[in-house]
Amino acid sequence: MSYYLAIIGTTDSPIYECEFGTHKQGGDGTSKFSPEMKELNPFILHSSIDIVEDIQWQTNSMFLKSFDEFHGPGTGSTSTNVNYYISGFLTSGNVKFLMIHDNSVYKNEDSIKQFFMDLNDLYVKTLLNPFYKVNDVISSSVFDLKVKACAKKYL
Amino acid sequence: MSQPSDIIQVSNPTQTSTKSALKGGYNPSLGPIQLPTSYQAQLASTASSKRNIYDHSLSRRAPEVNLSSLSYIFNVMIQYSQKNSKGIQELEGKLNTLGYSIGPKVLELITLREGKNAKREIKLVEILQFIHTQVWRTLFGRVADELEKSSEADDEYMITDKQPLMSEFISVPKDMGQLNVNAFVAGIIEGILDVCYFQASVSAHTVETPGCPNRTVFFIKFDRDVIERENLRFHK
Amino acid sequence: MSKSLKTTGEDLWKNKADKVNSELFTLTYGSIVAQLVRDYKQDYTQVNLQLEKMGYDIGIRIIEEFLAKSQVGRCQSFKETSEILSKIAFKYFLNITPRVENFSTDGKQFSLILDENPLAEFVELPDDEKANKQLWYSNVLVGVLRGALEMVQLDVEVAFVGDVLRGDDATEIRLKLIKILKDEIPAGED
């Protein structure tokens with residue numbers, strides 16, 4: 001199972017991106033997206049922002065489960081297409097955590113939600129730094145490591 | 001913003017991945033990169049030995065400091081802003097900017113602390129109530145006094161505070177009578193409203209009443225687009 | 001003796017201090033430092049200087065409030081000054097008790113070690129190489145101490161020697177007594 005995560009700021013530009021794979025069931029943590037998918041991922045997420053903008057005015061909740069789908073090339077060299085799902089988390093300050101994942105949401109909804117809650121915690125800590133303004137790129141390597149550690153824990 | 005070297009980097013990721021492997025963390029011109037696991041382990045061990053902000057817990061109750069310490073720091077902020085300003089408008093503008101950067105931080109912190117019950121505010125009146133109650137209580141220890149809608153215009157609202165905490169020990173000299181240093185708090189409100197996509201301009205005005213010489217009214221004027229969107233959504 | 005100072009400090013904090021959320025304090029100070037860094041275009045030496053000057057302006061005023069609220073009498077020695085600073089003054093204003101250490105043998109120098117620093121919660125210095133080597137984020141404290149002690153006739157040189165924000169082991173301020181000022185009327189003033 002592979003995941004592509006992006007944090008999008010209030011002006012729709014990415015402030016953080018990360019790719020990882022699952023550590024469960026013997027996975028080694030590297031994502032298995034095919035090269036075509038790797039190129040498509042940012043575009044897929046960018047188009048899903050439109051859907052987020054629609055949904056965000058209809059619900060109070062922050063966790064947006066599996067709100068978009070993409071049918072695209074699978075992992076490995078086979079030419080079969082698989083379904084990719086996009087889940088998201090919208091903070092009260094309209095910062096979007098969006099993630100493409102390639103397995104059905106039913107198995108993973110809780111762990112994705114937990115992952116987003118931890119990510120929210122990390123994001124707020126970054127935000128509290130006076131030298132960090134909203135929508136700045138998060139280039140801290142410690143943040144990156146912590147995100148990957150969260151991914152290892154939940155996904 | 002993109003210089004020739006950036007373009008070369010993006011189109012030759014294999015070349016640059018070796019060059020940039022020396023620095024962890026996200027680089028927007030490169031996108032997500034996967035560093036070799038050995039290097040990741042090395043980074044992890046150096047990171048855990050150094051103090052970092054992510055290890056500090058947010059959920060414990062905030063400690064307190066003396067109000068007069070805050071007042072001294074605020075005073076110094078006003079004096080510094082005044083040095084570089086040519087008038088009251090400019091000074092209030094600078095204070096507003098200083099508060100504006102804090103707004104989103106306060107908002108996210110309060111929402112995070114709500115934990116599982118956290119929700120986003122999607123209605124205009126609700127976000128104003130959130131500010132009037134939650135934000136005021138977190139920052140100042142009590143809720144604001146009044147929240148009113150102007151009867152003359154549908155895009156104007158007012159939050160009133162009879163005894164604003166930050167300006168309690170600040171006395172404005174007579175020749176600057178129009179100045180209200182709560183422009184800083186107005187900036188905080190404006191920062192919160194803007195990131196919630198309820199863009200507005202907020203200003204602080206002193207409106208004395210008998211018994212409340214420091215009574216401050218925060219005048220919130222929403223952008224026309226926001227009001228139209230609210231009306232469309234709720235079929236007014 | 002030091003135990004009663006500690007309880008005095010705690011009583012003062014509990015009973016005579018109006019309390020406010022420390023996060024508002026941290027964020028307010030943070031936005032000042034961030035603004036200074038922007039205004040001086042990352043010239044961290046200037047930023048340190050400005051913070052120290054701001055602190056000095058605070059210091060010369062804060063001492064009056066402190067003396068009025070705490071009612072402490074004249075200190076008989078620099079050592080006593082250090083104890084009052086750490087157990088009463090810092091407790092009253094910032095709700096922290098820094099440790100007094102490294103007292104020099106001539107009694108004229110000591111360090112204050114801050115285990116917690118409400119000015120610098122959640123702060124991470126900017127990533128350019130200069131900040132880590134040049135910026136003393138909490139430099140306002142240096143000015144406050146210098147200004148306040150000057151008002152009680154102590155000419156003290158104050159400086160940061162370490163900061164956990166910079167990766168040092170501890171946040172440490174060093175105070176050096178230069179001389180005791182006599183009450184002189186400067187020439188030409190009343």
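Scope of the values below: all heavy atoms of this structure, side chains included, with no hydrogens, waters or symmetry mates. Chain naming here is simple, since letters A, B, ... match the order of the sequence lines and numbering starts at 1 in each.
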Checklist entry - Do any of residues 70-77 of chain B come closer than 4.5 Å to chain C, heavy atom to heavy atom, and if so which ones, in number order? => result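 Contacts with chain C: B/L70, B/Y72, B/I73, B/V76, B/M77.
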Item to check | Members of residues 134-146 of chain B whose heavy atoms come closer than 4.5 Å to chain C | outcome: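 Counting heavy atoms that sit under 4.5 Å from chain C, the residues of residues 134-146 of chain B involved are B/T138, B/L139, B/F140.
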Item to check | side chain to side chain contact (heavy atoms under 4.5 Å, CB included) between C/N21 and B/E64, worked out | outcome: CA-CA 5 Å; C/N21 181 338; B/E64 296 165 313; over 6 Å; no
Rounded distance [0.5 Å steps], [atom1] in [X] versus [atom2] in [Y]:
| X | Y | atom1 | atom2 | answer |
| --- | --- | --- | --- | --- |
| C/K19 | B/S68 | NZ | OG | 11.0 Å |
| B/K105 | C/F122 | NZ | CZ | 12.0 Å |
| B/S69 | C/Y92 | OG | OH | 8.5 Å |
| B/N84 | C/Q35 | CG | CD | 9.0 Å |
| C/I32 | B/L98 | CD1 | CG | 7.5 Å |

Heavy-atom side-chain contact between [X] and [Y] under 4.5 Å:
| X | Y | answer |
| --- | --- | --- |
| C/T28 | B/F184 | yes |
| B/Y80 | C/K53 | no |
| B/V106 | C/L27 | yes |

Next on the checklist: Can you list everything that forms a side chain to side chain contact (heavy atoms under 4.5 Å, CB included) with C/E10? Sequence neighbours excluded, please.
Outcome noted: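 If we apply the side chain to side chain contact (heavy atoms under 4.5 Å, CB included) test to C/E10, skipping adjacent residues, the hits are C/K6, C/K91.
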Can you tell me if [X] has over 12 outside heavy atoms packed within less than 6.0 Å of its [atom1]?
| X | atom1 | result |
| --- | --- | --- |
| B/E114 | CD | yes |
| C/L67 | CG | yes |
| C/D169 | CG | no |

Item to check | chain B contact via C/I96 - which portion, at a heavy-atom distance below 4.5 Å | outcome: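 Neither part, no heavy atoms under 4.5 Å.
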Next on the checklist: Does any backbone or side-chain atom of C/V144 lie under 4.5 Å from a heavy atom of chain B? Answer side chain, backbone, both or neither.
Outcome noted: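 Interface part for C/V144: neither.
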Picking from [options], which has the most non-hydrogen pairs under 4.5 angstrom with chain B?
| options | result |
| --- | --- |
| C/V140, C/L36, C/D57 | C/L36 |
| C/A34, C/P118, C/S31, C/G55 | C/S31 |
| C/D18, C/V20, C/I62, C/N95 | C/V20 |

Next on the checklist: Heavy atom to heavy atom, less than 4.5 Å: which residues from residues 42-52 of chain C reach chain B?
Outcome noted: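 Within residues 42-52 of chain C, the residues under 4.5 Å from chain B are C/Q50.
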